[in-house]
Every structure is written in C-alpha cells, then in structure tokens.
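Working notes for the structure below.
All values below come from the heavy atoms of this structure, side chains included, with hydrogens, waters and symmetry mates left out. Residue numbers start from 1 in every chain, and the chains themselves are labelled A, B, ... in the order their sequence lines are given, proteins ahead of strands.
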Amino acid sequence: MIFLFTDFGVEGPYVGQVKAALWQTAPQSPVFDLFADAPDRRPREAAYLLAAYAESLPPDSHILGVVDPGVGGERPPVALRLDGRWYVGPGNGLFEIALRRARHIEAYVIDWRPARLSSSFHGRDLFAPILGRLASGQTAEQAGLRDAPVPRFADWPDDLPAVIYLDRYGNLMTGLRDATINRNTILRLAGRKIVWARTFSEVPAGEAFWYGNANGLVEIAVNGGSAAQIFAAELGVIVEII
Amino acid sequence: MIFLFTDFGVEGPYVGQVKAALWQTAPQSPVFDLFADAPDRRPREAAYLLAAYAESLPPDSHILGVVDPGVGGERPPVALRLDGRWYVGPGNGLFEIALRRARHIEAYVIDWRPARLSSSFHGRDLFAPILGRLASGQTAEQAGLRDAPVPRFADWPDDLPAVIYLDRYGNLMTGLRDATINRNTILRLAGRKIVWARTFSEVPAGEAFWYGNANGLVEIAVNGGSAAQIFAAELGVIVEII
Amino acid sequence: MIFLFTDFGVEGPYVGQVKAALWQTAPQSPVFDLFADAPDRRPREAAYLLAAYAESLPPDSHILGVVDPGVGGERPPVALRLDGRWYVGPGNGLFEIALRRARHIEAYVIDWRPARLSSSFHGRDLFAPILGRLASGQTAEQAGLRDAPVPRFADWPDDLPAVIYLDRYGNLMTGLRDATINRNTILRLAGRKIVWARTFSEVPAGEAFWYGNANGLVEIAVNGGSAAQIFAAELGVIVEII
C-alpha cells in the first residue's frame with residue numbers, strides 16, 4: 001500500500017501526475033491519499049503530522065512524503081526504512097520525527113536520477129519512481145539508493161506545542177501526542193483555557209475542548225462549531241500547556 | 001462498487017484513511033467519491049442529497065454514508081439494504097429519505113466493534129470495515145449486523161424546499177425532486193422569482209433559472225454566472241414554491 | 001491510462017460519477033486526475049493548459065476533457081486522436097491547441113447517444129462512455145464516432161500571454177511555452193518586471209521570478225511566497241513579454 005503525504009493541494013495537476021508515475025513503476029500497488037494539504041512549504045510542522053499519521057499505517061506501507069520548499073537546491077533526496085515502512089522524499093527534516101521515534105532504521109540517499117528531471121517537480125520525476133520501485137519489490141540497491149546518513153534536525157522538540165493542521169470542521173490538530181500528556185492538562189490558546197473531553201457529544205454545543213484524535217494527536221475542537229474561527233487560529237500558532 | 005458520501009472534506013486525512021480501511025477488507029471493490037463535501041454536520045439536508053444521488057447508482061452498490069455530528073454519542077450505527085443497495089453509517093436520519101422512498105427494506109443495527117474504536121472517527125474504524133465485509137460477500141450476520149429497527153424521523157418532509165448543496169459553479173441544489181413539480185412552477189429565493197429552463201444554453205448570459213439537474217433535483221443556476229453569489233445563498237436557506 | 005481534465009471542481013459529485021461511468025465501460029483502465037479545476041467555463045484558457053499537460057502523457061493515453069459552458073446547446077461532441085492520444089469532449093475549442101500542435105490527426109464527431117442523456121452532464125452520460133469504449137479497445141466506428149471535421153478556432157494565438165492557472169502555492173501558469181522564449185526575456189505583470197531563474201532555491205525569499213515549469217509552461221512564482229497574492233493576479237490577466 002502506497003500513501004501520499006504532500007503539500008501539493010487537492011487541486012491542480014500534482015497529485016494526479018504523481019499517481020500516474022507511481023502506476024507506471026508499481027501498477028499492482030494501491031495508492032491512498034493521506035494528506036495532500038500538509039503544512040504548505042513547512043517541513044517542520046509537517047514532520048509531526050506525518051509521524052503521527054504514519055504510525056497507524058500497515059507495517060509494510062510505502063510513503064511518499066513531499067513538502068519541499070528547497071526543491072532543486074541543496075537538500076539531498078532520501079529514502080528511509082523505519083520499522084518496516086518506507087519513506088521517500090526530501091532530506092529537509094520532513095521525516096525527522098518519524099525517524100526519531102523508530103526502533104529499526106535504515107537510511108539512504110538517492111543516487112539514481114531519471115533521464116529527465118525537472119527543477120521543480122521531484123515528487124513526480126524522482127521520488128515517485130523510486131518509491132514505485134521499492135513498492136514493486138526492488139531492493140534498495142536495485143532502486144538506486146546508497147547507504148548513507150541523512151540530515152538530522154536535533155534541535156527540533158520531540159513534540160511540538162503548536163497548531164500543525166486545520167481541518168474542514170475547523171478542528172485544530174497540534175504537534176502534541178495525546179499519550180504524552182494527561183487528561184487533567186489545561187491548554188491555552190489565544191488567551192483562553194481549554195479542558196479535555198472524550199469527544200464531541202460530551203460537550204455542550206459551541207464549547208471548546210481538547211481530545212486525543214483518532215491518530216493520537218491532541219486536537220482542539222468546538223462541538224457544532226469551528227475552533228479555527230473561534231480562536232482565529234493559524235498554522236504554527238503556539239498552544240501552551242498549563 | 002463502493003460509493004462514499006461524507007462531509008469529511010476533500011482535504012485532510014479522512015477520505016484516504018477510509019479508502020485504505022475499505023481496501024483492507026474489500027480489495028476487489030472499486031471505490032468512488034460521490035460527495036466528500038456533503039452538508040457539513042447536517043444529516044437532515046444531507047439525507048435529501050444522498051437519496052437523490054443514490055437512486056441512479058447500480059442496484060448492488062455499497063454506500064458509506066457519514067455525516068455524523070453525534071459521533072461517540074447515543075446514535076446507533078446502522079446498516080440498511082434498500083432496493084438492493086447497502087447503506088452503512090450513523091442512525092441519525094442520514095438514510096431517512098432513501099429509506100422512505102425504498103420498496104424493499106432490510107434494517108440492521110451494527111453490533112460488531114473493532115479491537116480499537118476511536119471516539120471520533122467511526123467512518124474509518126467501524127463503518128468502513130462493515131461496508132467492506134458486505135461488499136466482499138459476507139452476510140449481514142457474518143458481518144456482525146443485528147436485525148433491528150433503526151431510528152426514524154417521521155416529521156421530516158418528503159421533499160425539502162431549501163438549498164442543500166452549493167457547487168463549484170455556484171449552482172444551488174435544492175431538496176426538491178424535479179419529477180414532483182411541473183415546469184410552470186415559479187420558485188422564489190431571496191425575494192426574486194425564478195422560472196424553469198431546460199438548460200444553460202437556453203438562457204441569456206447572467207440570467208437565473210431553475211432546471212432538473214442530472215440527478216433529478218431542482219437546481220437554481222445562472223448562465224455564465226454564480227447563483228450562490230447573486231442570491232447570496234447559503235446552505236439551508238428556504239426556496240419558496242409559488 | 002485515462003486522464004481527466006475538467007472544470008468540475010474537486011468537490012461535489014461530478015468527478016466521482018464520471019469515474020464510476022468510466023469504470024462501467026473500461027474497468028481495466030486506471031484513471032488519473034490531471035486537472036479537476038481547469039479554468040472555470042473558459043475553454044480558451046483551458047485549451048493551452050490541456051495542450052501543455054497532455055504532451056507529457058504516455059502516447060496511448062485517453063483523455064476526457066470537459067470545460068463545457070455550452071452543454072446542451074449547439075456545440076458538437078467530438079473525439080480526436082492526436083499523435084496516438086485520444087481526446088473526448090465538447091467541440092468548443094478545448095482541444096484546439098493540442099490539435100494545432102499534433103502531427104497525426106484523426107477527427108470525429110460523436111453520433112452515439114445514451115438511452116438517458118441529461119441536459120447538463122454530458123461528461124458522465126456521453127463523453128465518459130465513449131472514452132471508456134475507446135480505452136477498452138473498440139474502434140472509432142464501434143464506439144459510435146463519425147469521421148468528420150471538428151470546429152476550429154483559427155483566430156486563437158499559438159501561445160497565450162496570459163495567466164491560465166493559479167495553483168495552491170500561488171504560482172501563476174501562463175499560456176506561454178518555455179521553449180518558445182529565451183531566458184533573457186523579461187515579463188511584465190501588474191506593472192512589475194519579472195526575470196528568469198532556474199528554480200525557487202536560486203532566488204531570495206520573497207522575490208518573484210519566472211521559470212519553465214515541469215510541464216513546459218512559463219510560470220511566475222515567488223520563493224516562499226504567493227505570486228497570486230503579490231500581483232493580485234486573476235485567471236486571464238495579460239502577461240506582457242518585453
């Protein structure tokens with residue numbers, strides 16, 4: 001199973017072209033959209049989102065991760081095998097948090113280059129063919145990977161007390177893991193205190209609360225309303241733990 | 001064939017995770033997006049939209065319907081077989097209109113629970129596995145369904161004279177069926193009268209009209225313009241029949 | 001491989017219904033989204049976008065192209081085979097630029113009509129079944145095509161010096177082909193001059209530049225910012241070549 005985690009957006013020609021490229025190298029592998037609207041050109045916030053969502057994927061999943069503001073520049077293209085799952089994408093920190101939480105790690109730099117490599121769309125031209133080769137059973141060596149360390153981002157925290165995703169309902173996902181804080185914890189956002197509840201139906205309409213979402217992240221929501229609106233929240237805004 | 005009818009939004013991780021869960025139980029069944037932007041947390045409006053669109057689906061379709069503001073609360077998870085088509089989702093009225101229009105009805109409550117059931121994402125954890133089992137040939141009993149009545153919403157009208165969906169072009173779908181009103185009918189929205197036309201190309205540019213859309217709903221449109229903009233229309237606004 | 005190029009939007013029931021219709025006639029053909037948000041009801045701008053993106057598709061691709069403001073009116077439904085690739089959709093100029101650039105051309109008008117043809121959704125009812133038949137190996141004749149000239153739009157330029165697409169990052173695609181202008185060319189948009197750079201990482205943050213995008217179009221971008229915002233650009237705005 002192949003999963004796509006990108007900031008390409010659901011509109012436009014990007015996701016479709018990547019899927020076509022994957023199909024051309026791995027026609028047997030089903031492809032699923034995990035996120036097409038990961039934090040726009042922000043690999044740091046995206047790293048916490050990806051780590052949380054990848055954790056529940058099947059252990060032999062193949063993940064294409066592309067949040068790549070430095071495309072065409074210095075950052076190396078990388079491939080990682082973390083606890084069985086493959087991650088392919090830019091070596092800009094996007095996989096840092098997943099890497100840090102993994103027990104079994106293989107790290108590679110991608111040496112292979114396609115005949116035609118655009119300067120701005122490595123997702124289609126470089127990462128998709130590599131991931132497709134791995135998904136279709138090629139070894140790291142056959143796929144053109146070289147055993148090598150990847151760039152690390154040691155100063156990033158283990159959990160990020162900030163909004164890392166806003167969904168259609170106006171729910172605010174944070175980079176905090178539910179399992180790391182207890183339910184008596186009070187959060188503060190935009191000067192307001194927020195307490196825990198198990199889920200929407202346990203809170204009066206219009207009231208804000210935090211809960212552990214279905215992928216283990218602390219999420220701030222409003223029953224029947226939009227937390228994004230009520231807190232005028234934006235990507236990256238700090239969430240304080242009191 | 002599996003069809004998804006949800007208010008999850010096209011963005012975010014929801015639809016993709018549901019598709020992955022379906023594939024894990026029913027890998028042979030193709031999955032299609034019917035609506036990912038059904039009326040946001042409004043099962044009543046969504047019920048009229050779903051009934052209209054499900055009617056033209058193949059008779060052995062499997063439909064995952066999730067518009068579920070009460071997730072984690074009291075509403076039972078249900079499965080219905082209506083004129084051959086399976087519907088799986090929350091028992092909150094989302095299937096009321098399809099149910100009311102069906103000739104052959106089987107109604108079930110879902111007794112099965114997964115090993116790990118999140119409090120907020122039953123679409124992925126509960127409804128998708130059940131629908132997948134049914135799509136892969138399991139009987140109701142094998143899938144963990146119990147023959148039982150589902151909640152009914154008898155006070156809802158048979159047709160809803162209101163805007164139930166706004167599309168990209170600014171067209172306004174109503175909960176009225178084209179077949180139930182005649183073409184001399186005049187509609188009124190935002191104080192303006194609207195007459196029937198067969199289609200866009202029969203109306204001067206910039207003019208509003210109503211017509212029977214490709215799925216049998218009365219739809220208000222503007223040739224070359226946006227009815228949503230011109231009428232400042234929102235989801236749920238009343239459309240009068242004069 | 002089937003590719004969809006439409007202005008249906010990623011939301012709503014349109015793309016999903018088209019995919020279901022394709023699957024019913026060509027279940028073996030994988031379907032990919034090229035654009036679901038092509039220029040809204042503007043076949044002229046869309047023609048330049050489609051020509052550029054179709055060029056890199058495999059030579060046996062089947063392309064459903066629907067940007068069709070005149071649906072239900074006079075424009076004929078057409079099918080074209082251009083350098084091996086099939087294009088099916090409205091004869092309103094959407095395929096004009098691809099046609100003009102092709103070496104091997106077969107042109108057809110679609111005579112076949114389905115048992116039930118809606119007045120507003122020919123993408124689902126007419127074009128998808130035809131494309132599906134061709135993709136599943138039927139000949140033009142078997143599919144219900146008649147060898148006939150299609151409407152031409154001789155007064156459209158070969159390249160369009162205008163914004164034809166705005167993407168999620170705020171990048172502005174133009175209807176100019178990178179290969180037709182040299183890198184010393186200066187563009188002017190909203191009174192400001194824009195010079196060439198190879199890619200994002202070669203430009204200071206916040207600075208605008210133009211480059212040849214991954215599909216051969218001249219694209220205006222801002223490193224780490226949004227050209228759409230900075231230039232207050234809209235679909236169709238003229239880009240001057242100085």
Using a cut-off of under 4.5 Å for heavy-atom pairs, which of [options] has the most such pairs with chain B?
| options | result |
| --- | --- |
| A:Leu4, A:Asn213, A:Leu49, A:Val10 | A:Val10 |
| A:Asp33, A:Asn215, A:Asn223, A:Leu166 | A:Asn215 |
| A:Glu202, A:Glu11, A:Arg198, A:Glu219 | A:Arg198 |
| A:Gly225, A:Ser56, A:Gly212 | A:Gly225 |

Below 4.5 Å, heavy-atom pairs only: which of [options] has the largest tally toward chain A?
| options | value |
| --- | --- |
| B:Pro27, B:Gly70, B:Pro69, B:Ala20 | B:Ala20 |
| B:Asp125, B:Asp37, B:Leu117 | B:Asp37 |
| B:Gly9, B:Gly12, B:Ser118 | B:Gly12 |

Looking at [X] versus [Y], is the centre-to-centre ring distance below 6.0 Å?
| X | Y | answer |
| --- | --- | --- |
| B:Phe35 | B:Tyr165 | yes |
| A:Phe5 | A:Phe3 | no |
| A:Phe121 | A:Phe8 | yes |

Structural part of B:Glu74 lying under 4.5 Å from a heavy atom of chain A: neither
Interface moiety of B:Ala36 toward chain A, non-hydrogen atoms closer than 4.5 Å: backbone
Per-residue contact mode, A:Tyr169 against chain B (heavy atom under 4.5 angstrom): both
Lys/Arg-Asp/Glu bridge criterion (N-O < 4.0 Å) met for [X], [Y]:
| X | Y | result |
| --- | --- | --- |
| A:Asp7 | A:Arg41 | no |
| B:Asp60 | B:Arg85 | no |
| B:Asp68 | B:Arg75 | yes |

Distance-only side-chain donor-acceptor flag, A:Arg81 / A:His62, under 3.5 Å: no
